[in-house]
Asks: 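The following block contains the structure, expressed as structure tokens.
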Amino acid sequence: MVISNFNDPAFFSQIHYLCFMTDFLDQDIKFLPGVGPKKAALLEKELKIKNFRDLIYYFPYKYVDRTKIYKISEIHAQMPYIQVKGKIRSVESVGLGHKQRLTARFSDETGSIELVWFQSIKWQIEHLILNKEYLIFGKPSEFNGKINVVHPEMETEEEQKLKSAGLFQAFYVTSENMKKKFLNSRAINKLQLTLIQLAKGKIRETLPSHLVKRLKLYSLEEALFNIHKPENTTSLKNARFRLKFEELFIIQMKIIALKHNRENKFKGFRFEKVGFNFNHFYKDFLPFELTNAQKNVLKEIRRDVNRNIQMNRLLQGDVGSGKTLVALMAMLLAIDNGFQSCLMAPTEILAQQHFQTISNFLNGMSLGTALLTGSTKASERKEIHDSLKTGKIQILMGTHALIENTVVFKNLGLVVIDEQHRFGVAQRAKLWQKNDLIPPHVLVMTATPIPRTLAMTVYGDLDISVIDELPPGRKPVETFHFFENKRKQVYNFLKQQLEKGRQIYIVYPLITESEKTDLKNLEEGFRHITELFPEVKTGMVHGRMKPVQKEQAMEKFKAGKTKIMVATTVIEVGVDVPNASVMVIESAERFGLSQLHQLRGRVGRGAEQSYCILMSSYKLSNESRKRLATMVRTNDGFEIAEVDMKLRGPGDLEGTQQSGIGFDLKIANLGKDGEILKLARLMATEILDDDQLLQKEENRVLLENLKASKQNEFNWSSIS
Ligand code: ADP
Ligand code: MG
């Protein structure tokens, strides 16, 4: 059977779906009463709203409770939007020309306030009725010691009865340009209410009825109406739930469908045996017992590579959790089954480190390994190319150099990619293509923990393994946060550590071209440290140094020749110096959480107790306070990632920028809607397990929905 994805026309050839051009929501926005061609152009330019659907899917960002009506005596200028019932007692036009304004005295039985208009004055004068009861709605402010409300929204009792805005007033994001043309939040709200009136009975359901029933979801129509004009808090909650669920569910449907699609399309090499090399290494060379987490991941990998289907697995594990070893054992498995493997790292230093580590582990076993990076000499490169073709090299390690077209393998069976987030999806794909027919198995490793919810989306087409346990005997790093007043004590502490023979990192914020002060701070810090600790050697690395200089400085520190390393975040990734036991981070409030966590991961690699000291200024934003407190509280990378995502929002998280996925979720929030996401994934899995091609009549609406959905950002993972 030929399997294709949702965007393949052949897939739909036998399905008669309604032509979308006749759909009510497809009508041009200019045909909505109150819009017209000019506003339509503005809506399209500023908000990309072209038709009724775009408008109704333009959701409010907040709601104000309109059940509460205040007395004028209760009002003060610090209040948000408020409602008052009262009468206009007098109207006065003040000033001339563009300074002209209209003021009205508005009172109830407890007092009076001023209403002010700067625009559409003539219209107001003609329409305002004295001594008639109005319900006004607006934001109070203070001017010349008096409370006023500028451009209030006003309704007479009759108008209220005719078209109530609902109990909650919805607010919409609009641009300055729009406000100038009177297309403010209130105007958008009015358009939404008009649209809802027109749309009654015309909004087609997009989810299968069995799903709607099972989850007791609002119908699409109910949800869309209530999101703009909620009847009460429960209906708002239900509306949001339905819309969030659908948004996440559609994404999960696509991801899982793509995964099925790939699994059906691509055969995988079968690694049936656990053979000599794996066993020999395990019994005779492995210097320690594997952790349970490592064993479990290896079991998962073995299951994957033994099914005739290409493995695509993401291995998440905190720094130091022992991912490299797992990768090595997977590569031995490949060798035992007659295949080559490669391991790709994002930087030269890391590739070298892997090469050294793995060569050490394998010392005594006669296996062909090689290192290929950008700086490999031409003659050596040639030799490597040749030995790859003959199969003499069984494990190739390196950087991006591995991807080049000149690198040809005899039979590449397994690709391991370290620090996934540094590689683009396209690069991942290039490695797949190293074989003509059957792609190699792929294991991607990342030390940047990704919250489960995010992983389900960003890496939703991969299977995920987690190493959630550190090798035994490792003492958790102790973390402290200090202000300037403790600097002396901190230096005393560093002195003690140096006397014990330990090494120290002192990290400053990143130097960028524009930030001269950062460089100054770093250099001053360096000078200061050299003066304070004349008895030891201090080194320095930063991003503006030449690569050779950087590496020399790192080498010296690694070899213990320098005891203190003053650095920027260039040392962030992967560098391994077990004797370094203290990480001091200056201006820690300027670092992101995941960065702080990565930096802390540089210490605590040896047997000694390690420390992380966060120095900050007294002035801290709430967010940086939370970041630092989180660091002090926990060493758990996943917990930190969750906090990070809540603080920053998923779009900013490291690892998402290059994933190829735009996070233009309209209503769901990956940081907060984890439970809904889980439900969405579960439902998507169940439906696709039962009806892989969505051929059942009961799933037809869903198929149409998927086909019509514009977001096709997930196509990248279906590489053919
Ligand atoms: P990661 O790549 O996950 O950051 P590594 O694979 O570099 O971690 O492992 C960190 C250190 O822990 C290495 O020195 C490694 O040899 C050691 N190690 C790995 N697994 C174990 C284990 N099961 N027991 C003891 N030490 C281990
Ligand atoms: Mg590593």
Side-chain angles (χ1 to χ4, degrees), residues 278 281-301 313-332 341 343-347 349-365 369 395 397-399 416-423 443-450 464-477 503 505 554 558 571-581 583 594-595 597-608 610 612 635-638 640-641 654-655:
F278 189 96
F281 176 78
Y282 191 68
K283 285 201 199 97
D284 307 325
F285 287 84
L286 188 60
F288 34 67
E289 182 71 11
L290 291 178
T291 63
N292 282 328
Q294 285 171 319
K295 283 182 191 163
N296 286 337
V297 174
L298 272 171
K299 270 186 215 149
E300 287 171 332
I301 292 173
R313 189 166 280 281
L314 174 72
L315 173 53
Q316 291 197 63
D318 231 328
V319 271
S321 59
K323 296 185 291 297
T324 312
L325 194 64
V326 170
L328 173 59
M329 297 193 65
M331 294 194 286
L332 292 175
S341 321
L343 192 165
M344 184 160 80
T347 66
I349 292 192
L350 286 179
Q352 262 164 23
Q353 204 166 279
H354 274 314
F355 182 67
Q356 270 162 20
T357 313
I358 286 177
S359 303
N360 284 343
F361 270 129
L362 297 181
N363 190 12
M365 292 178 66
T369 60
I395 298 179
M397 288 158 268
T399 55
V416 182
I417 304 176
D418 198 14
E419 302 293 346
Q420 150 79 0
H421 64 282
R422 304 235 165 179
F423 291 107
L443 179 67
V444 292
M445 307 196 291
T446 175
T448 309
I450 299 159
I464 297 175
S465 292
V466 175
I467 303 190
D468 51 6
E469 176 187 11
L470 291 181
R474 202 92 37 92
K475 297 190 185 90
V477 180
Q503 287 168 278
Y505 291 106
M554 273 322 297
K558 233 177 149 170
I571 57 150
E572 191 184 325
V573 180
V575 182
D576 199 6
V577 184
N579 190 44
S581 65
M583 167 64 66
S594 81
Q595 228 178 2
H597 181 62
Q598 288 287 321
L599 285 169
R600 179 167 60 187
R602 297 302 105 218
V603 296
R605 316 203 119 214
E608 306 305 329
S610 291
C612 175
N635 276 297
D636 180 340
F638 284 93
I640 289 172
E654 224 169 307

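When a ligand or atom number is given, it counts from 1 through the structure's own listing order.
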Asks: Are any of the N/O atoms on G320, whether in the backbone or the side chain, positioned under 3.5 angstrom from an N/O atom of ligand 1?
Replies: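 Yes, G320 has an N/O under 3.5 Å of an N/O on ligand 1.
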Asks: Classify the contact between T357 and ligand 1 as side chain, backbone, both or neither, using a heavy-atom distance cut-off of under 4.0 Å.
Replies: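 Neither part.
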Asks: Locate the shortest heavy-atom distance separating S359 from T369; write the atom from each residue and the value.
Replies: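 Closest approach of S359 to T369: OG-OG1, 4.4 Å.
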Asks: How close do N635 and P476 get, counting heavy atoms only, and between which atoms?
Replies: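 The answer is ND2-CB, 3.6 Å.
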Asks: May I ask you to list the atoms of ligand 1 that are less than 4.0 angstrom from any heavy atom of T291?
Replies: 23 (N)
Asks: If I take atom CG from residue D284 and atom CE from residue M365, how far apart are they, to the nearest 0.5 angstrom?
Replies: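 Here the interatomic distance stands at 8.5 Å.
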Asks: Tell me the nearest of K323, Q353, E469 to atom 3 (O) of ligand 1, using heavy-atom distances.
Replies: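 Nearest option to atom 3 (O) of ligand 1, by heavy atoms: K323.
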Asks: Where is the tightest heavy-atom contact between V477 and C612, given as atom of each residue plus distance?
Replies: CG1-N, 3.7 Å
Asks: In Å, rounded to the nearest 0.5 Å, how long is the span from CG of L332 to CZ of F285?
Replies: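 Those atoms lie 10.5 Å apart.
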Asks: Give the numbers and elements of all ligand 1 atoms closer than 4.0 Å to a heavy atom of D318.
Replies: 3 (O)
Asks: Which atoms of ligand 1 are found less than 4.0 Å from any heavy atom of F361?
Replies: 16 (O)
Asks: Ignoring hydrogens and geometry beyond distance, is a side-chain donor-acceptor pair present between E300 and S465 at under 3.5 Å?
Replies: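 Short answer, yes.
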Asks: Name the one of L443, I464, V444 that satisfies side-chain contact (heavy atoms from CB on, under 4.5 Å) with R313?
Replies: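 It is L443; the other options fail the test.
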Asks: Between CG of D318 and CZ of F638, what distance do you get to the nearest 0.5 Å?
Replies: 7.0 Å
Asks: Distance under 4.0 Å to a non-hydrogen atom of G322: what atoms of ligand 1 satisfy this?
Replies: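 Those of ligand 1 that fall under 4.0 Å from G322 are 1 (P), 3 (O), 5 (P), 6 (O), 8 (O), 9 (O), 19 (C).
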Asks: If hydrogens are left out, which of T324, V326, T446, L328 has an atom nearest to atom 2 (O) of ligand 1, that is, the closest non-hydrogen atom?
Replies: T324
Asks: Between L290 and ligand 1, which residue portion shows a heavy-atom distance shorter than 4.0 Å: side chain, backbone, both, or neither?
Replies: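 For L290, only backbone atoms sit under 4.0 Å from ligand 1.
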Asks: Taking only heavy atoms of E289 into account, list the atoms of ligand 1 that are under 4.0 Å away from them.
Replies: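 Result: 22 (C), 23 (N), 24 (N).
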Asks: Under 4.0 Å, heavy-atom basis, I'd like to know which part of M445 is in contact with ligand 1: side chain, backbone, both or neither.
Replies: neither
Asks: Using a plain distance cutoff, I'd like to know if F288 has any nitrogen or oxygen under 3.5 Å from a nitrogen or oxygen of ligand 1.
Replies: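 No, since none of the N or O atoms of F288 sits under 3.5 Å from an N or O of ligand 1.
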